[in-house]
2 protein chains.
Amino acid sequence: MDDVGQKDGPEHGGITIRAARIQDVAKLADVSTATVSRALATPERVSPEARARVLEAIAKTGYVPNPAARTLRSQKTYMVLVVLPDLSNTFFSKILRGIEETLFEAGYGMIISDLDGSPEKEAHFAAFTAAGRVDGAILLNGHLFGQSREGEGQPARITIPLVALCEAIPAADIPQIEIDNRTAACRMTQHLASLGHRRIAYVSGPASNSLERDRFQGFKDGLETAGLPFDPALVLPGDYTIEAGVRAGRELVARSTRPTAVFCTSDEMAIGLMRTLFSAGLRVPEDISVAGFDDIEFAAVAEPPLTTMHQPRRELGQAAASVLIDLLQGRPSPKLIRLETELVIRDSVAAL
Amino acid sequence: MDDVGQKDGPEHGGITIRAARIQDVAKLADVSTATVSRALATPERVSPEARARVLEAIAKTGYVPNPAARTLRSQKTYMVLVVLPDLSNTFFSKILRGIEETLFEAGYGMIISDLDGSPEKEAHFAAFTAAGRVDGAILLNGHLFGQSREGEGQPARITIPLVALCEAIPAADIPQIEIDNRTAACRMTQHLASLGHRRIAYVSGPASNSLERDRFQGFKDGLETAGLPFDPALVLPGDYTIEAGVRAGRELVARSTRPTAVFCTSDEMAIGLMRTLFSAGLRVPEDISVAGFDDIEFAAVAEPPLTTMHQPRRELGQAAASVLIDLLQGRPSPKLIRLETELVIRDSVAAL
DNA sequence: AAGTTTGATGTAATCGATTACATAGGTCCG
DNA sequence: CGGACCTATGTAATCGATTACATCAAACTT
């Protein structure tokens, strides 16, 4: 970092040859750089002969447009930022795949930001988008950036199109892709009630979470339509992780009177909870029924296979990406997309 | 796409104000743009007074350097490409997190490419790196790009630093971060043998895979040191997925003489396999022992909890990122890093 | 005291594309 | 036949930073 000449990279094996520029192509095809650019961006505005020569020259030189130069001039990055709370969570990875697929097909790249609950990271990525590194963003974390720094000397930054996925963002007027969490949770609760369960426990998500609020409402709706009383003692705190399920399980095992069914708001928690029940000598579903939510891959092969609420994760990702692309390309787009969930009945829930 | 003026984005809510440029900061601080640039890049080469004025002006304007312009001039993107075969696989997500963390701390962003077995995608990302969109790449997929297009009229492209993670890349002279798959598989095999198992089945990974070759070697090593014969009939094909485990399970269930232990080269396969065994009325580990590999989160809460070989996934990601950063910044870096695995004994394996 | 070094700063070239504007040649129409 | 219009193309400005080079004053050398 001291002086010039030092910072040129080291020899990392291969021969470094300057990549072809648009000028090289232009010279080879005997046209101007403008024509080369047009041959690629608007082929119909270039004569067939010139176009052919340009394409040939491109093939010969292996020319690939320099994205930095392109972005600098056209103000388009063809990059999308995906913000999520936890990259290592199974639930998100399939969604990410759906997003990536769709973005890829439309020629966009994906940059991932795993917030990991760090405000520092959040600030960083706020600056990141402000700096115009991405054309748009998909937010899976339930809130916008940097709302702290408003109104001050700070002038408004560039506004880029945003889409909220899964978790709604309360005060923001942006498209929202989600499932109907309330109805889904209600259906699951009714399912349990219909099998005769009257003492149904609920393992929640993080309290701050909009998903959680909806699902909790749905749970209460379900109790009500089934004519069951709501008992706060049967609500156990969780955060969608396996460990939270394990903890909730311990809590239940320690009780003298136990519920006959447990509705976990994520499959991870359900699987963790079942583990704890087994360790305590309880059987699922004979002694206690357990239901999950999400239908992750492991739900079908859990022991016993888990009754759960299927979320179309890949499709959620695809839908979010496709709405964002519409926004980016100036096409009209829906404000709200709700994909269907499906009750998947397996063996972890039984009639009383 | 027809004419000019059409392609300016639509009104998406917020007020769009031009972001501050280096010129605005320079004017406000009453210095040249060069001084602003230096105040940020090499503060020690700018007088304290000027620096203070610049920083104040930056705070006032909310200036953030335009990355496209910066990249265009300095040829540095501060972006790293991560190439992997399947984004939705649990095994990778924790590794990704380790990578992201480390990159973030060093000021690098992460672009993800989920190859999904598509050569088209591969070609795209080859062009992507060639175009200089990223400073370096971490490859989890076991091979380089576009080796097909060599020697032709195609001139060599820019060479960027690469690091291979998990899967080795045979013919490439690049740093490799991995575990000792052969030794790890050998140890697991010995563990099974030491408990009295003599008929040990092996559920493989994809045959083309270097991980698989190493683990298979290790399996044979383990048999040999235990004085057990190698029986090809006990090798079942797999590909690390849950479904492959289910299939292998069916195959075993159908046999008249079954192995007493099964070594699956991924936890996903082990879990899928156990599911099939249960469905057929077999018990683990009473009737048959099952071992996994990786120690994913679900291994500990499987029923029964899975005996497996722990891979430090997050650390693998961190190590790969940190080696790549060393390369990018011209520091010396090791050619090979091998992280330790650990045999995790749970309940899915028992003595005969 | 003259020459040399050092430090702080400014000027302007540069990175590589896109694109507004200019131009040249051809077609069409009254 | 001459202006209007269209098509294909070229010229050069532009995007916003970084940085080589120039400049100038102050400090230091001998």
Side-chain angles (χ1 to χ4, degrees), chain A residues 1-8 18-27 29-54 57-58 61-78 130-133 158, chain B residues 1-8 18-27 29-54 57-58 61-78 127 130-133 135 158:
Chain A
M1 283 289 198
D2 220 19
D3 214 342
V4 192
Q6 187 85 328
K7 48 182 72 162
D8 293 288
R18 197 189 237 322
R21 293 157 310 163
I22 197 169
Q23 280 216 20
D24 306 326
V25 175
K27 202 168 292 174
D30 196 31
V31 294
S32 71
T33 61
T35 301
V36 175
S37 181
R38 283 189 284 250
L40 290 170
T42 51
E44 72 279 6
R45 303 182 71 93
V46 167
S47 70
E49 306 81 48
R51 199 187 316 158
R53 287 211 309 283
V54 167
I58 287 178
T61 55
Y63 167 73
V64 179
N66 180 314
R70 186 209 287 274
T71 296
L72 179 57
R73 176 68 224 235
S74 66
Q75 308 289 6
K76 282 180 187 153
T77 62
Y78 284 95
R133 272 187 110 105
I158 293 173
Chain B
M1 280 293 196
D2 220 19
D3 213 341
V4 191
Q6 187 86 328
K7 47 182 72 161
D8 293 289
R18 197 190 237 319
R21 295 156 310 163
I22 198 170
Q23 280 216 19
D24 306 326
V25 175
K27 202 168 292 175
D30 196 31
V31 294
S32 71
T33 60
T35 300
V36 175
S37 181
R38 283 191 284 250
L40 290 170
T42 52
E44 72 279 6
R45 302 181 73 93
V46 166
S47 70
E49 307 81 50
R51 199 187 317 158
R53 287 210 310 282
V54 167
I58 287 177
T61 54
Y63 168 72
V64 179
N66 179 313
R70 186 208 288 273
T71 296
L72 179 56
R73 176 65 225 236
S74 65
Q75 308 289 6
K76 282 181 187 153
T77 63
Y78 283 95
R133 272 186 109 105
D135 292 342
I158 292 175

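The shown structure was predicted, so the numbers you read here are calculated from the model rather than taken from an experiment. So that the names make sense, note that chain A is the first sequence line, chain B the second, and so on, each numbered from 1.
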Which nucleotide in D/dG10, D/dG16, C/dA17 has an atom nearest any side-chain atom of A/Ala34: D/dG10
From D/dT19, C/dT19, D/dA17, nucleotide with atom closest to B/Arg21 side chain: D/dA17
CZ on A/Arg133 to OG1 on B/Thr71, rounded to 0.5 Å: 6.0 Å
Whole angstrom is fine here: how far is it from CG in A/Asp24 over to P in C/dC15? 12 Å
Which of the following nucleotides, C/dG16, C/dT19, D/dT18, is nearest to the side chain of B/Arg73? D/dT18
Under 3.5 Å, which protein N or O atoms sit close to an N or O of nucleotides 4-7 of chain C? Give each pair with its distance.
none

Whichever of A/Leu40 and B/Ser74 has its nearest DNA chain C nucleotide further upstream toward 5': B/Ser74
Which nucleotide wins on minimum distance to the side chain of A/Ser37, given the candidates C/dT18, C/dG16, D/dT18? C/dT18
So which protein N/O to nucleotides 22-26 of chain C N/O distances come out below 3.5 Å?
none

Within this structure, what is the CD-to-P distance between A/Gln23 and D/dG10, rounded to whole angstrom? 13 Å
Provide, to the nearest angstrom, the distance between the CD1 atom belonging to B/Ile22 and the P atom belonging to C/dG10. 12 Å
Measure OH/B/Tyr78 against C1'/D/dT18 and give the value in whole Å, please. 12 Å
Protein and nucleotides 6-9 of chain D: nitrogen or oxygen contacts under 3.5 angstrom:
| unit_1 | atom_1 | unit_2 | atom_2 | d |
| --- | --- | --- | --- | --- |
| D/dT9 | OP1 | A/Ser47 | OG | 2.8 |
| D/dT9 | OP2 | A/Ser47 | N | 2.9 |
| D/dT9 | OP2 | A/Ser47 | OG | 3.1 |

Should B/Tyr63 be listed as having a side-chain N or O under 4.0 Å from OP1 or OP2 of D/dG16? no
About how many Å separate OG of B/Ser32 and CD of B/Gln23, when rounded to the nearest 0.5 Å? 10.5 Å
